[in-house]
Amino acid sequence: MTRRVSVWGGGFWLSGKTGEAALDAARELDDLGYARLWTSGGFGEGVPPVYGEVLNATTRLGVASGIVSIWHAEPADVAATVARFEEEHPGRFLLGVGTSHAPVVDAKAAHTYTKPYSHMVEYLDALDAAQPPVPAERRVLAALGPRMLALSAARAAGAHPYFVPAEHTAQAREILGAGPLLAPEVAVVLESDEDTARGIAREYMRGYLSLPNYSNNLLRLGYTEDDVAGGGSHRLMDALIPWGDLDRVVAGIDKHYRAGADEVAIQVLTADPNAFPAADYRELAAALIS
């Protein structure tokens, strides 16, 4: 297994917030040796420009969408953008697509969140039929449940689970088998003060636990309704979000590699979600990237 260490970037890189500071941060991640920058595709039409901006600003760093919503981006437009990225930056862009969440999709009048698995199959069919198509090896699926994980192995290069503990990574590897890419996102808090660390982690968790796909996935893993209520229990927080000093955080990330991850997309959480925690990513790079 080749261990790849990547970054999951949140609001700092989202379309409309990019600028020279964000591109400087991407250049630093490139210099530090991170394999890839994952960041959200948002909920607008098509593929946001941030991906091309980062590709143009860096020389080696891979870029991945984590994720482009299949309800909000037309497959023909997505395929054309992926083809352009591949022509301009061969092998550096990975398309991550996902079904998003019912509350998000239903909030847009043009869409209704029904039969997400079937819609994903249809979307992949459309990517295959596009001219030029998006090859299976240049796309991954946001996958939590067994059916979507199996589809990730059959119709894509692998899976990009988000907001999952290491036991999910182990189950995902079993379903995917030995070959496909398994690249979970792992949020961390490099903060030794327990109250501060838990406060940052709980603020992050609260929004995701309100989304049924994530909370149901955790219930499927054996966590309880009490664990997912009120911003999450301490037990759930400790399973999802490595926090503490560098050694403790690195040990938490390593659990995912030992469970079968090929690549971990690390998301450093701080009190300001729109700031780039450069010092934390430098520490993690020194500890994790040989």
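Reckoned from all heavy atoms, side chains included, excluding hydrogens, waters and symmetry mates. Since the structure is predicted, the reported quantities are computational estimates derived from the model, not experimental observations.
Here salt bridge (Lys or Arg N to Asp or Glu O under 4.0 Å) pairs that include residues 280-290, with residues two or more places apart or in two chains, are Glu28-Arg282.
Tyr117 and Ile175 fall into different hydrophobic clusters, defined by Ile, Leu, Val, Met, Phe, Trp and Tyr side-chain heavy atoms under 4.5 Å apart, directly or through other members. A single hydrophobic cluster is not seen to contain both Leu176 and Leu94; linkage of ILVMFWY side chains at heavy-atom distances under 4.5 Å, directly or through other members, places them apart. A continuous path of Ile, Leu, Val, Met, Phe, Trp and Tyr side chains, each step under 4.5 Å between heavy atoms, connects Phe85 with Leu95, placing both in one hydrophobic cluster. In the hydrophobic cluster analysis, where Ile, Leu, Val, Met, Phe, Trp and Tyr join through side-chain heavy atoms closer than 4.5 angstrom, Leu288 is grouped apart from Leu182.
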Carefully, step by step, assess Asp226 and Ser233 under the rule side chain to side chain contact (heavy atoms under 4.5 Å, CB included). CA-CA 7 Å; Asp226 287 340; Ser233 67; over 6 Å; no
Checking side chain to side chain contact (heavy atoms under 4.5 Å, CB included) for the pair His89/Tyr51: CA distance, chi angles, key distance, verdict? CA-CA 11 Å; His89 307 281; Tyr51 303 119; over 6 Å; no
Worked check of salt bridge (Lys or Arg N to Asp or Glu O under 4.0 Å) between Asp245 and Arg248: CA-CA 5 Å; Asp245 63 18; Arg248 181 171 174 177; over 6 Å; no
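Residues Arg258 and Lys255 are in side-chain contact: their nearest non-hydrogen atoms beyond the backbone lie under 4.5 Å apart. Looking at Phe163 and Leu209, their side chains come closer than 4.5 Å, going by heavy atoms from C-beta outward. In this structure, Leu124 and Leu141 have side chains that are in contact, with non-hydrogen atoms separated by less than 4.5 Å. Asn213 is not listed as a side-chain neighbour of Tyr162, based on a closest heavy-atom distance of 4.5 Å or more. Residues Leu284 and Ile253 meet the side-chain proximity criterion, which asks for heavy atoms closer than 4.5 Å. Under the 4.5 Å side-chain criterion, counting only non-hydrogen atoms from C-beta, Val97 is in contact with Met120. Taking the side chain as every heavy atom from C-beta outward, Asp262 and Arg173 approach each other to under 4.5 Å. Looking at heavy atoms from C-beta onward, Asp77 lies out of side-chain contact with Thr81 at the 4.5 angstrom threshold.
Side-chain N or O atoms of Arg155 include none that pairs as donor or acceptor with a backbone N or O of Ala136 at under 3.5 Å. Between the side chain of Thr39 and the backbone N or O of Gly9, at least one donor-acceptor pair lies under 3.5 Å. At least one donor-acceptor pair closer than 3.5 Å links the side chain of His160 to the backbone N or O of Ala183. The backbone N or O of Leu61 sits less than 3.5 Å from a side-chain atom of Arg92, completing a donor-acceptor pair. Distance alone, capped at 3.5 Å, is enough to place a donor-acceptor pair between the Asp30 side chain and the Arg60 backbone. A donor-acceptor distance shorter than 3.5 angstrom exists from the side chain of Arg138 to the backbone of Gly91, with no hydrogens or angles considered. With hydrogens and angles disregarded, no donor-acceptor distance shorter than 3.5 Å links the side chain of His119 to the backbone of Trp71.
Here the closest non-hydrogen pair linking Ala271 and Pro273 is O-CD, 3.5 Å. Summarising the geometry of Tyr123 relative to Ala73, their closest heavy-atom pair is OH-O, 2.7 Å, with the distance given to 0.1 Å. Here the shortest heavy-atom pairing between Gly66 and Trp8 reads O-CZ2, 3.2 Å. The two atoms that bring Pro184 and Glu263 nearest to each other are CD-O, 3.1 Å, heavy atoms only. Across every non-hydrogen atom of Gly145 and Arg220, the tightest pair is CA-NH2, 3.5 Å. The two residues Val54 and Ala26 have their closest heavy-atom pair at CG1-CB, 3.8 Å.
The structure places OG1 of Thr224 at 10.5 Å from CG of Leu218, a figure rounded to the nearest 0.5 Å. Between the OG atom of Ser192 and the CG atom of Leu246 there is a distance of 9.5 Å, given to the nearest 0.5 Å. With rounding to the nearest 0.5 Å, the separation of OG in Ser6 from CD in Gln267 is 13.0 Å. Rounding to the nearest 0.5 Å gives a distance of 4.0 Å between OG of Ser65 and CZ of Phe93. How far CG of Leu269 is from CE of Met205: 10.5 Å, rounded to the nearest 0.5 Å. Interatomic distance, Leu144 CG to Leu149 CG, rounded to the nearest 0.5 Å: 7.5 Å.
Partner Trp38 forms a side-chain contact (heavy atoms from CB on, under 4.5 Å) with one of Ile67, Ile266, Val140 and no other, that one being Val140. When Glu185, His168, His256 are each tested for a side-chain contact (heavy atoms from CB on, under 4.5 Å) with Pro161, only one passes: His168.
More than 12 heavy atoms of other residues, nucleotides or ligands lie within 6.0 Å of CD in Glu137, so this atom counts as buried by the packing criterion. Other residues, nucleotides and ligands place no more than 12 heavy atoms under 6.0 Å from the CD atom of Glu203.
With no hydrogens or angles considered, no side-chain donor-acceptor pair links Tyr34 and Tyr281 at under 3.5 Å.
Between Asp238 and Arg198 there is a salt bridge, with a side-chain nitrogen of the basic residue lying less than 4.0 Å from a carboxylate oxygen of the acidic one. Comment: Asp128 engages Arg139 in a salt bridge, judged by a side-chain N to carboxylate O separation of less than 4.0 angstrom.
Ring planes of Tyr204 and Tyr208: tilted class, angle from 30 to 60°.
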